[in-house]
K.L.:
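Okay, handing you the structure first.
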Amino acid sequence: MILQVLKTQFGGALESAQKVGRELRLRVGPQTLVSLARACKQLGFTYPADITAVDTGAELRLVYRLVSFAAGQQIVITVGAPRSGARLPTLADLYHGAEWTEREVYDLFGVTFDGHPDLRRILLTDDWEGHPLLKSSPPPAARAGARPAPPPVAPVRDLTQTLTPTERVVLNMGPQHPSTHGVLRLELTLEGEVVVGCRPIIGYLHRGVEKIGEARTYPQLLPYTDRLDYLSSASNNLAYVQAVEKLMGLEVPERAQYLRVILLELNRIASHLLFVSTFANDLAATTVFLYGLREREYVMDLFELWAGARLTQSWIRVGGVPADLPDGFLEKARQFCHLLPGRLDEYDRLLTGNRIFRVRTEGIGILPPEEAVDYACSGPTLRGSGVRYDVRRAEPYEAYPRLDFEVVTAPTCDCMGRYLVRMGELRQSLRILRQCLDQLPAGEVMAKVPRLLRPPAGEAYGRVESPRGDFGCFVVSDGGPQPVRVRFRAPSFFHLAALPRMLLGWKIGDVVAILGSIDVVLGEVDR
Amino acid sequence: MIPLPALGPYQSLLAWWQARNWPEWILHFIWMLLMAALVTAFLLLTVLILVWLERKVSGDIQSRVGPNRVGGRFGLLQTAADALKLLMKEDLIPAGADRAVFLLAPFLVFVPSLLIYLVLPFSDRWLVKDLNLGVLFVIAVSAFPMIGLIMAGWASNSKYALLGALRAAAQTLSYEIPLVLAVVCVVVAAGSLRVGDIIQAQRGGHWFILRFPLQFAFLIYFITALAEVNRVPFDLPEAESELVAGYHVEYSGMRFAFFVLAEYAHIFFVAAFCATLFFGAWEGPWLPPALWFLIKSYALVLAIMWIRWTLPRLRIDQLMAFAWKALVPAGLVVVMLTAARVAWS
Amino acid sequence: MSGEPKPSTRAGLVCDVIARLPGGNIVLTTVDRVLNWGRASSLWYLTYGLACCAIEMMCTAASRYDLDRFGLFFRGTPRQSDLMFVSGTVTKKMAPVLRQLYQQMADPKYVIAHGGCACAGGPFHDSYFTVQGVDQLVPVDIYITGCPPRPEALIDGIFRLQEKIGRESICPSARRGLMHVAPRSNGRHSSESKQIPEERRSRKVTSLRERR
């Protein structure tokens, strides 16, 4: 239906239009882009999931991905552009979530977006020459001997000397700060204690994973995905593996699906426990910080027992799971399921029921639901604003259709709402975990996968509900052993873009609370 | 004019001294230096113990062990190692810092915290100077560290420090009033500003905590004392997760150690003073009075530490709202009730 | 005697004089042991958590592995910390910040490269934006490899650092048989990074500060 509507509306301007699974793939020229996007937005595709580009060697393909919550579908608009000097109209006035993604495409590919409010580099340093993700840029250089020379280190611009104008003070939070959850830099403009301006500066952890991906084979790239959102490695693994499995048309055995869900939910529990810890730490409830980490150790024991690694397990591979559960795992997991609810009640008493905590988080950092969707927020950040959208229910994968759980939302749109959503999700994860442990079917844990992975040419998008939100992986293959393009759509990237909207008008103490409540991980923001 | 402790030894020493026709004021001066040294030694020892205690108590609350390598199974020498290390650190003064103020600030924070020990009754015979205006002296002098904090924050030439300093100013000013109100209740109940009189009024087990409106005075005093020593939930001047160490962000080595010394000295003082005002100071059965003093003080110190490791932190405007809108009216009401009770009896 | 360098600093001369006195060596050794004990037992660390290794560092500091047992304590500001854990990948954008943080730390200071990325670039060794090892920016005392290293590995690294501190001496001369810590080599800008030209230092402490 939607395809018909668009075809009648745009007719010949659509160079190609087809439906592949949940995706409506359209190809247009740059002049039709904005009107097509506007039409899609009016049809309900209000969520600008991703904007990226692929350098196919012949041309630059811009890929715009829009999602409709109601229809449960994605529209993927492809626009061709020349490999150098490309100019395209911006979608930033249509979707807020397009601002930062277009900046990233400018940064890494050199595409200029006309009409963009603030087209600057976002991940690389301001004085960087070139655009690394173009194929004409040098590929990752394998070193065969001595290390390269140390990079030139310019002195940091000293912001502390300009103290005399005290009406508005520019305060730099980060990149080294106990509360920025990683290497994030927030340039805050303060009037007294009130934040009147906020500029998040990212890229301090930009490791070039997407470029590295083009020089690795598909299995070799898998451990890199762990290190993106390093708090829940399995969801990153799964998004990537889903894309590859879609390209190869692989069917994962049922037992493997359940095992994957067990791993995913354990990762979610670990990640949310860390969220509770760091959120409490930001508000100076240091003891809860240590309690959360203490509970997390039990989860990491389970990971270590099964996968051998505590943090970056790399335990979801193409085709399934590398090894079955070891002896004793089921008992330990069940013991953990018995243990955790009591501890969660304790956190409720220490935090949720605490007057000071409530006063620090209730009503703080409001993000209205329409804006949350427009900024492409997802996960607890979106559900804390009352929007009931969870990728596990919207585009179910693995064993989730057979499992019974609730999508937790909170109507308040504030920090407390986002915190409560995560606390609720902890309990729901336990519920899912118990079901999986009980319902675990017998069978293989790994499908028949060729030794040399050469997915057929094409592109696929794997989408997973990570603890942070909608984590996506876009893989473009040309039939060879190495991908042409790997793109990771990180939810925290979009949440950080929405951060200034949530911060303005609040005080410094609220900055840490709000930043903590959206739970960003810079590994996935910067990639 | 003679310090209370060991009146006897002082007299005999004085006799010996005057037998040699030496002027008395020299002996008096030496004696005072000795008393000061004793009090300073006690203070340093207390801070040593308190820092260790904080780490152990926090470890216990947080299901971990705390120091257990340095100096035996209980890490008893941990603070000594910390102090030794801090002595050997490089003395950094940031470029652009207001040098004189920067150097002076730690002392201005530490010295008042030492000075208030003048009127603390360590036992029934050990009190350095029972000033007539003892309580007023305490209140006045214990507001001085705030000035040192602001100096430190200003002189550091760092925005974090400046913010910390401004918060310290706002916080201390807001919490002085309820503090004074709570202490005024005790003064009214005892009828005097002298610490000795306050203790006398509580003799025989009639501690002020047991008298009707003074329980609230105790609560108000305890809360405002937490604010005065910048402890969670009132540790905004040095809010670590927001301001990365706040007013002392640019201090290193021994200068930083002075801030820590001052903080823990003040914490102990506040606990001991609270014990004096409300719990009868050194009074108690069977055990020697000095031991009772220590027990009561440390009990309150443990309560302070317990609160620090349990509660989150308030925001600055919430903190000031709490002071002005809750504590000050409550304080006024309690003062009136105390006055009424005293007038009627 | 002829091959030994003449001490040039004031501390060196003082140590020389004391060493010549009867029992002088024992005095210096004891002083060294006490001071080293103080420094090693009270390492306050600056969490320079960059990436995944930072999470393992947090877990090591948490209740199960508890770094506070060894006297390690977290300080948020570089001025008050002795030890910098570089946990995670250092990128070219982050490099100046890291260098500045190192310079802001007060002497004596130590750096532990925590994790493969900090040691030599780790899995990102061929990326266009990473620094292949933090020792290209600051002098590193201990390298802990792993991706991420287990908490026990981190604690082992700390023990080795404590041993290394135990081998230091306030006397610059090697005459007294202690290990003279070798000058830095290969890509580390030790003298440059020890210079903090824009900051003034108290002269009293300068004389006691040991040169490595």
Side-chain angles (χ1 to χ4, degrees), chain B residues 51-52 54-56 58-71 73 75 77-97 99 102-103 156 158 160-161 238-246 248-257 259-260, chain C residues 31 33-44 46-47 60-83 101 103-109 155 158-159 162 165 168 170 194 196-210:
Chain B
V51 172
W52 171 86
E54 171 108 69
R55 287 170 85 155
K56 280 301 206 183
S58 68
D60 199 46
I61 295 179
Q62 292 162 357
S63 335
R64 56 186 181 87
V65 181
N68 72 346
R69 296 293 163 108
V70 183
R73 258 179 55 210
L77 288 178
Q78 181 64 55
T79 322
D82 287 341
L84 197 58
K85 181 213 64 176
L86 285 170
L87 271 172
M88 291 189 289
K89 287 291 267 188
E90 181 185 359
D91 189 18
L92 282 178
I93 302 176
R99 203 190 161 96
F102 189 84
L103 297 176
S156 297
S158 154
Y160 282 129
E238 79 170 74
E240 194 166 318
S241 57
E242 298 164 24
L243 296 184
V244 196
H248 56 68
V249 71
E250 296 286 346
Y251 282 86
S252 63
M254 214 49 208
R255 301 189 195 284
F256 168 68
F259 283 110
V260 173
Chain C
V31 167
R33 279 178 58 187
V34 170
L35 295 182
N36 290 344
W37 169 84
R39 265 202 304 270
S41 308
S42 160
L43 286 166
W44 290 356
L46 174 76
T47 48
T60 316
S63 302
R64 185 184 277 196
Y65 297 100
D66 197 12
L67 283 178
D68 196 23
R69 286 182 293 163
F70 315 116
L72 273 82
F73 196 73
F74 163 66
R75 297 305 303 173
T77 159
R79 303 279 184 207
Q80 292 156 14
S81 35
D82 318 301
L83 172 62
L101 278 170
Q103 288 173 340
Q104 284 178 333
M105 286 168 71
D107 279 332
K109 53 193 172 186
I155 294 176
I158 291 168
F159 285 163
Q162 289 179 332
I165 294 173
E168 288 177 345
I170 57 169
K194 292 287 187 187
I196 314 177
E198 72 273 13
E199 289 171 359
R200 289 167 279 176
R201 303 182 196 122
S202 158
R203 266 188 290 155
K204 174 176 169 288
V205 182
T206 304
S207 63
L208 283 179
R209 191 185 48 218
E210 40 112 4

K.L.:
Which residue out of Ala80(B), Ala83(B), Gly66(B) racks up the most heavy-atom pairs below 4.5 Å with chain C?
P.N.:
Gly66(B)
K.L.:
Look only at the side chain of Asp66(C) and the backbone of Val65(B), and say whether a donor-acceptor pair between them is shorter than 3.5 Å.
P.N.:
yes
K.L.:
Please answer whether the main-chain N or O of Ser42(C) pairs with a side-chain N or O of Gln78(B) as donor and acceptor at a distance below 3.5 Å.
P.N.:
no
K.L.:
How close do Gln80(C) and Phe256(B) get, heavy atom to heavy atom, and via which atoms?
P.N.:
NE2-CD1, 3.3 Å
K.L.:
Quick one: of Trp44(C), Trp37(C), Phe70(C), who has the most non-hydrogen atom pairs under 4.5 Å with chain B?
P.N.:
Trp44(C)
K.L.:
Taking all non-hydrogen atoms of both residues into account, name the closest pair between Leu92(B) and Gln104(C) and its distance.
P.N.:
CD1-O, 3.3 Å
K.L.:
Would you mind telling me which of Ala81(B), Gly59(B), Gly75(B) has the largest number of heavy-atom pairs within less than 4.5 Å of chain C?
P.N.:
Ala81(B)
K.L.:
Using heavy-atom distances under 4.5 Å, tell me whether Leu86(B) contacts chain C through its side chain, its backbone, both, or neither.
P.N.:
side chain
K.L.:
Search all heavy atoms of Ser63(C) against all heavy atoms of Ser63(B) and return the closest pair with its distance.
P.N.:
CB-O, 3.4 Å
K.L.:
Do you know which of Arg55(B), Lys56(B), Arg69(B) makes salt bridge (charged side-chain N to carboxylate O under 4.0 Å, His left out) with Asp68(C)?
P.N.:
Arg55(B)
K.L.:
Find the distance between CG (Asp82(B)) and CG (Leu43(C)) and round it off to the nearest 0.5 Å.
P.N.:
10.0 Å
K.L.:
Quick one: CZ on Arg39(C) to CG on Leu87(B), what's the gap to the nearest 0.5 Å?
P.N.:
12.0 Å
K.L.:
What is the minimum heavy-atom distance between Gly38(C) and Leu84(B), and which atoms define it?
P.N.:
CA-CD2, 3.9 Å
K.L.:
Heavy-atom distances under 4.5 Å only: say whether Leu67(C) touches chain B with side chain, backbone, both or neither.
P.N.:
neither
K.L.:
What heavy-atom pair brings Lys89(B) and Pro108(C) nearest, and what distance separates the two atoms?
P.N.:
NZ-O, 3.5 Å
